[in-house]
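For reference, the structure is listed below as structure tokens.
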Protein chains: 2
Amino acid sequence: MAKDKDGSGTGNRINAVENAFTMIERMQELEQCGVSELAADLDIPKSTAHVYLKTLEELGYVIKENGQYRLSMRFLELGGLVRHNRSIYQAARSEVDALSRTTGEVGTIGYVEDGMRVLVYRTEPVEGVSDNAPTGEFTEMHWTAVGKVLLAQRTDEEIRDVVDRHGLPAATENTITDLDELLKEAAEIRTQGYSIEDEERVSGIKSIAVPIDSNGSDSGNSAISIAGPKHRFSTERVEEELLPELRNVANVIELQSRHY
Amino acid sequence: MAKDKDGSGTGNRINAVENAFTMIERMQELEQCGVSELAADLDIPKSTAHVYLKTLEELGYVIKENGQYRLSMRFLELGGLVRHNRSIYQAARSEVDALSRTTGEVGTIGYVEDGMRVLVYRTEPVEGVSDNAPTGEFTEMHWTAVGKVLLAQRTDEEIRDVVDRHGLPAATENTITDLDELLKEAAEIRTQGYSIEDEERVSGIKSIAVPIDSNGSDSGNSAISIAGPKHRFSTERVEEELLPELRNVANVIELQSRHY
DNA sequence: TATATCGTCCAACAATATTGAACAGACAGG
DNA sequence: CCTGTCTGTTCAATATTGTTGGACGATATA
């Protein structure tokens, strides 16, 4: 198997674990696969793929269904427990549900990890536009309301770091692709206390976000947002209804998380 | 450990992968830990724990926050994607949401894997009793409505197999702890087409479930249920409102999943 | 200042992952 | 019915790789 490292890391790590996870990640993309298929895809010997699959199957993280291997629900369990352990989730979930109900828009809990925005939780209203984003989705920060408001909690230098690592790809013509512009907007967000994303990731969709300042270790890493069709997010409605509502909910969440 | 189904034999598996996952599972329980702490807990050398943690950290599955290691949201991502790929989830989610809304009770999507019931999705109504079960929860089948209705889809012999592997632990005094009784109930469920769970797992909670017969590979592995406080689940309401509603939703889901 | 505990690093050794080749079973087409 | 080509699986050889105790500096505690 590939042996030469790029030398960037401190080097000596456990290879087998690395291999296992690249196989897991590839399997997720393939949804299901056979031994030979996976081996060919990853350009490794059949026998190698086989031992790994059998190991993972024995551990319960991979299952074989009608002759095909696939990732098991054990990953859902693990992910669910990881989320379950985060105080922000416990404190914010029902509040975001309520927020979505009263506004009739999509409510989300976002978190920053590794310079990316994680979709911790999402509630959709009855007739809501379902973009069907999977729970746990990682995405760049600069083109989501949650991401921008969380970036604004960091110093300019830290923002530069994030951009260095992940770049500023464009999704629509409104996406911020210039670092200076991003820093300028971050400054604005800092004084405003909230962020607006206007068709910067998905055309037709607008959203607003405020940070959650819990006292715990998650401090400065969480935010909540409301999102919906642009035509429903007039400046008036945002300023008079959505933003006050969002801030109110954020306060409740902060109080609850202090209870811990 | 008990093994050998059909001479699945050698048992020669990759140790490092096994170690990695026992560490991951332990870390989930500890929520966060240091190197020495984890090493002591698992009774392995510090240096061993260290390489594994560093490896997992480099892969992004573990992060270090204020001197403590913890599982990262990458597991939430993985779990979210695994669920996202299952057709039952795509077909049933919004329907179960609607079901919960119209009945005012907790709606769930359940799945069977490895002889256990997996909580794929759960919607809670506004004033619902939140038992706060984490998404992806695995539990024995005999004490949940979903579990029992899915058991009933199997032959008696298969049910025996499941009981052999996981036993019939008791949660309340109503839990079925006798195999013959379970088989008898399975037979009844087969003719009825639905299952009822009456304070068999949590005192004060009652629930009903019906299977989802999609045509896909998931066939016979999925079910949906409604659960709530026992006093709201009178025989009348179950028969006249909840069960018809549940069956109706199941039909819609089956139609949608056939669309695939 | 001393003492304990932490995380990190390293090098030597033994253990273990790796791999090609060989085998059996399923399946399709001739 | 045989033949060829796919599977998935097993095994034994080799060297690559994980393992480990001990040493180190940094940090926290007394």
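Throughout, protein chains are lettered first and strands after them, A, B, ... in sequence-line order, and every chain is numbered starting at 1. Below, all heavy atoms of this structure are taken into account, side chains as well, without hydrogens, waters or symmetry copies.
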What is the separation between atom [atom1] on [X] and atom [atom2] on [N], rounded to the nearest whole Å?
{"X": "B:Asn19", "N": "D:dT17", "atom1": "CG", "atom2": "C1'", "result": "13 Å"}
{"X": "B:Leu53", "N": "C:dT8", "atom1": "CG", "atom2": "P", "result": "9 Å"}
{"X": "B:Ile44", "N": "D:dT20", "atom1": "CD1", "atom2": "P", "result": "8 Å"}
{"X": "A:Gln68", "N": "D:dC6", "atom1": "CD", "atom2": "C1'", "result": "14 Å"}
{"X": "A:Arg13", "N": "C:dA17", "atom1": "CZ", "atom2": "P", "result": "19 Å"}

| Parallel, tilted or perpendicular: ring planes of B:Tyr121 versus B:Tyr89, cut at 30 and 60 degrees | perpendicular
Looking at [options], which one has an atom nearest to any side-chain atom of [X]?
{"X": "B:Pro45", "options": "D:dT20, C:dT18, C:dT19", "result": "D:dT20"}
{"X": "B:Asn15", "options": "D:dT9, C:dT19, C:dA17", "result": "C:dA17"}
{"X": "A:Ser36", "options": "D:dG18, D:dT7, D:dT10", "result": "D:dT7"}

| Within less than 4.0 Å of OP1 or OP2 of C:dT8, is there a side-chain N or O belonging to B:His50? | yes
| query | In whole Å, what separates the P atom of C:dG20 from that of D:dT17? | reply | 14 Å
| D:dG21 base to B:Ser47 side chain: any donor-acceptor pair below 3.5 Å? |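 Check passes, donor-acceptor contact within cut-off.
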| Got a donor-acceptor pair under 3.5 Å from the side chain of B:Lys46 to the base of D:dG21? |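 No.
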| field | Of all pairs that satisfy salt bridge (charged side-chain N to carboxylate O under 4.0 Å, His left out), the ones with a partner from residues 157-169 of chain A, not counting sequence neighbours | value | A:Asp114-A:Arg165
| Polar contact flag, side-chain donor to acceptor under 3.5 angstrom, B:Gln32-A:Asn85 |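 Distance-only check fails for B:Gln32 and A:Asn85.
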| message | What's the separation between atom CD1 in B:Ile159 and atom CD in B:Gln153, rounded to the nearest 0.5 Å? | response |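 Rounded to the nearest 0.5 Å, the CD1-CD separation comes to 10.5 Å.
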